[in-house]
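I have placed the structure first, in the form of structure tokens, so that the comments after it can refer back to it.
When reading the values below, keep in mind they use all heavy atoms of this one structure, side chains included, and skip hydrogens, waters and symmetry mates. On a predicted model such as this, the values are computed, not experimentally measured, just so you know. A, B, ... follow the sequence lines: proteins, then strands. Residue 1 opens every chain.
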Amino acid sequence: MEKLMKQAEIKNSTEFFQRFSLQFRIQHIVLFISTTILIFTGIPLWCLSRPDFILWNSTCFELLGGLRGISLIHHCAAAALIVLSAYHLLYTIFSKTGRREFIDLLPGLKDVTDVMTNSLYFLGLTKKRPQFARYSYIEKFDYWAVYWGSVIMIVSGLVMLYPAQCAKYCPWLTFDLAAEIHAGEAILATLALFIWHFYNVHFNPSHFPGTLMWLHGRITKKQMIAEHPLEYEKMMQDQNPDSASSD
Amino acid sequence: MRVYKIGSMKKIFLFLSVSGLLLSLSAFADGERKLFGDHKSGSRSNAVHRIGLLNEEGDKISLDDDPLLPFSTKQTCGKCHNYETINKGWHFNAADENIPAGRPGQPWILTDAVTATQIPVSYRNWKGTYTPQQIGLTDWKFALMFGRHTPGGLGEDLEADPDFDARWIESGELEINCLACHDAESAHDQSKYPAQVSRQNFRWAAAATCAFAKASGSAKSMPRMYDYMMPGILDDPKLVPPAVSYDTSRFDDKGRVFLDVVSDIPNKRCYFCHSNIDVGDEKWSSDQDVHLEAGLSCVDCHSNGPDHNITRGYETESAHSNNPLAAVSSCRGCHLGDGNSDTPTAGRLGAPKPLHKGIPAVHFDKLTCTACHSGPWPEQNTIRTKTARAHALGAKGANLSDDALPHIIYPVFAKQHDGKIGPHKIVFPAFWGSLKDDKVTPLAAEIIAPVIRKILPDRKLLRSGDWMDLTEEQISKVLSSLKSGLTLPDIPVYISGGKIYSLDSNNKITAEVSDLAEPYKWPIAHNVRPASQSLGVRGCEDCHSAESPFYFGKVNIDSAVASAAGESMTMHQLHGADTDVYKPVSKFFKWLIIIVMALLILHITGDLFRRALKSRAD
């Protein structure tokens, strides 16, 4: 926390705050690379048993080195996601920053009221937007969607990869069931990623065509005040407790 | 020491005697009485059968007999082998409702070119087949029509409705013909059997196939109540009564005959009823099953004990069969072993264990072994094939034309009874029927044939053995005629090529693709190709490509209706929809996606809407 504050102090002078640590950014980069690969190789694999898509699928196969090539790439990306997920779990348990981030990402009652207030704001029924802390309900939704999505995808994917071994310990979790879950969750995750997440970080008029926050982890003071006013307030208060209390 | 009185001893003796008698009777009643030949000898060598021949009455046949009577297998073989037990074996128990039908198998196919009929028939409860009773075939007619390619076991069912045309008395029964399978003599001529059946010489049929007997005459031309044991003099000198003669040199001085019968059935015996030939193909130009090439015989995998409960060789067979080898006689059973067995069972009969290296495990859940390994290499179009049972292959007088009915199409990759996709033979049912409560009952030949003859007098069996195509106008005429004759609310229909033809309220003909007309399919197992000719040997693209016959092969639709000529289905249409088991999961995700995405998009829209309002206000 102290480290973060120090960074914030430094960047404050140049109108920037260090929002995400290097650790967090690397994890995010691995996540989006592996997820993107998984999506683009997963679709042709999903289409394998759907003959209506075969012509389109054949082109994909040619581009990506045939079925074996696609499978290999998909499995490598999946391995990266598994390693990342395990690392992230350890990170949130053993790292101080990780624990803080995790706690900040836990949903609370305020998130419910924020959703309601924001809905009223969208409808023009109130002029006051909800004030967000370090993570808004939008970001928390993103995080937890990925969190549980990864768990579901990894487990169902492993069942599909090792159906016979799985049948020994968990006979009800069949290949077909895992495939159904894998496909359903993948479609949901893909749509949420490309529509919801991309809107919030790229196509949103405030951010269009996108921010580089994923790369450098910085946020401008203006954005900080606009999007995370409570965090900004808290940071200022932590930075200068006297002035904050006198305000 | 206990002293028994004589009276008590008598009582005990009486009790034991009665108990023993009752036990013997009950065992006899169950048909499980073990006779001399049913006991295990323990020897792997062959039992030599130098035996006396017995006639239908159980009397020993002597060359001096007048008239010479045909030997009865029931009596001759049944003397040492329990006939009733054998009668419960798979080849003979079709009509027994208590026998589980198991995996759908090859049906009998009733064909009639004049009425454009092709119906899969079976006594067994196989979905898509019709029982002989349903199509108006009595046991007599069934025996006459299909007895030619059976190992016998067909006789009069005294509990069934009487068939006044039946001539069981004159013909005799088609007893279980043990020699059809067990006679290893090269001169055994099974083709004589269909000839005898067509002459209604049922009781002479088995003898006629043997190297040491000849049958002549025809029971068909004999007068009613003709007694074969007292032939007498016939009014018409041209009529030749059925008779048998024996090669006297084959009888020894005790009147016994050497029967070269074996327990390990030679393949050629099986082939008489289980041969296939692809249309346009020749026997010499097509390879045999790899198992036969490797030196195995049919009965190595399809085996049975004295109960004749033969293994059919499919994976889930042990659920229906009490044959202890059923679990290990399928492809998987021999090559991979029975997973539930405490002892290693893989590699039976020297079966190599496949590695299937690099093939995702899902293939073994979704596909039968035969999908990749059996039948001809799939091409873009399905082909027609002929089978011994359907086309009377091997019988004298069978129509050898490529177009002869029935039209059997293969290889068709379709979902089978256990949900796996495998290669099948299919036959599109074609018949006139009455529709009631979403069920079609075929009309018996006696009903439809006169109508067709009256309305379409030019219809005939083509020389090729094919049917003449029907026009929709002709179908309409026949249906109109039937409509006036049928009792409402039955609707007369014609089924062919996967469609159901009926008349609408304006008496206009309509054709609809219907489940009621879907093809009957039965899995093929043979011929098994060498591993180097398996699907997938060239890579995943053998199936997973736009050109793959597995998904995109054309299944030619066989229809007797001219307007449906050239129609086809795509192979994947027969792969079957996913099972209902995971529908709730699928539905859950469907609604989860709809609800979540609707809410997220609503949120985005709200955000954009508010921004637009704000920018306008600014």
Side-chain angles (χ1 to χ4, degrees), chain A residues 44-45 47-52 54-59 61-62 66-68 70-71 115 118-124 127 129 137-138 141 145 160-167 174-181 183-192 195-197 199-200 203-206, chain B residues 339 358-366 419 421 536 539-548 550-553 570-573 575 578-579 581-615 617:
Chain A
L45 291 173
C47 292
L48 271 182
S49 54
R50 287 166 178 79
D52 296 338
I54 198 84
L55 285 173
W56 172 85
N57 218 22
S58 296
T59 317
F61 283 3
E62 282 169 28
L67 183 53
R68 283 181 199 276
I70 292 178
S71 298
V115 171
N118 220 10
S119 301
L120 292 172
Y121 174 74
F122 289 157
L123 293 168
K127 287 184 178 176
R129 286 200 70 177
Y137 67 85
I138 295 169
F141 176 83
M160 288 165 74
L161 202 56
Y162 304 106
Q165 288 83 342
C166 174
T174 60
F175 179 93
D176 286 332
L177 179 59
E180 197 74 59
I181 293 169
E185 179 58 32
I187 294 167
L188 180 60
T190 305
L191 290 173
I195 295 174
W196 172 251
H197 186 66
Y199 172 78
N200 288 321
F203 305 129
N204 181 323
S206 308
Chain B
I359 300 175
V362 58
H363 290 79
F364 312 118
D365 283 342
K366 298 279 183 190
I421 297 169
C540 312
E541 286 74 15
D542 271 353
C543 293
H544 297 294
S545 68
E547 297 81 32
S548 112
F550 179 83
Y551 279 113
F552 301 104
T570 310
M571 200 72 82
H572 66 75
Q573 289 177 274
H575 288 188
D578 285 329
T579 51
V581 184
Y582 302 116
K583 272 215 171 133
V585 179
S586 171
K587 211 176 241 180
F588 168 76
F589 273 103
K590 189 176 156 189
W591 283 107
L592 183 71
I593 291 165
I594 290 170
I595 292 166
V596 170
M597 291 316 297
L599 288 172
L600 297 183
I601 290 168
L602 208 61
H603 191 282
I604 293 168
T605 314
D607 187 40
L608 287 169
F609 175 70
R610 188 69 179 127
R611 281 168 194 275
L613 277 184
K614 201 179 169 197
S615 67

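Looking only at heavy-atom pairs under 4.5 Å with chain A, the residue among P360(B), C540(B), G606(B) that has the most is G606(B). Ranked by heavy-atom pairs shorter than 4.5 Å toward chain B, the options T174(A), N118(A), V115(A) are led by T174(A). Between chain B and the residues Y162(A), F122(A), F203(A), the most heavy-atom pairs under 4.5 angstrom are made by F122(A).
Heavy atoms closer than 4.5 Å to chain A are found in the side chain of V596(B), but not in its backbone. Using a 4.5 Å cut-off between heavy atoms, S119(A) does not touch chain B at all. Interface remark: N200(A) contributes no atoms to any contact with chain B (heavy atom separation under 4.5 Å). Looking at K614(B), the atoms closer than 4.5 Å to chain A (heavy atoms on both sides) all sit in the side chain, from C-beta outward. Contacts of L602(B) with chain A are absent, with no heavy-atom separation under 4.5 Å from either backbone or side chain. Contacts between D365(B) and chain A at a heavy-atom distance below 4.5 Å involve the side chain alone, from C-beta outward.
Annotation: the span from I604(B) atom CD1 to L599(B) atom CG amounts to 11.0 Å, rounded to 0.5 Å. The line from CD1 of I594(B) to CZ of F589(B) is 13.5 Å long, rounded to the nearest 0.5 Å.
R610(B) places a side-chain N or O within donor-acceptor distance of the main-chain N or O of Y121(A), the cut-off being under 3.5 Å. Side-chain N or O atoms of H544(B) include none that pairs as donor or acceptor with a backbone N or O of L45(A) at under 3.5 Å.
The aromatic rings of F141(A) and W196(A) lie perpendicular to each other, with more than 60° between the two planes, well past the 30° mark.
Looking only at side-chain heavy atoms (C-beta outward), F550(B) and M571(B) stay at 4.5 Å or farther from each other. The side-chain heavy atoms of L608(B) and P205(A), taken from C-beta on, include a pair separated by under 4.5 Å.
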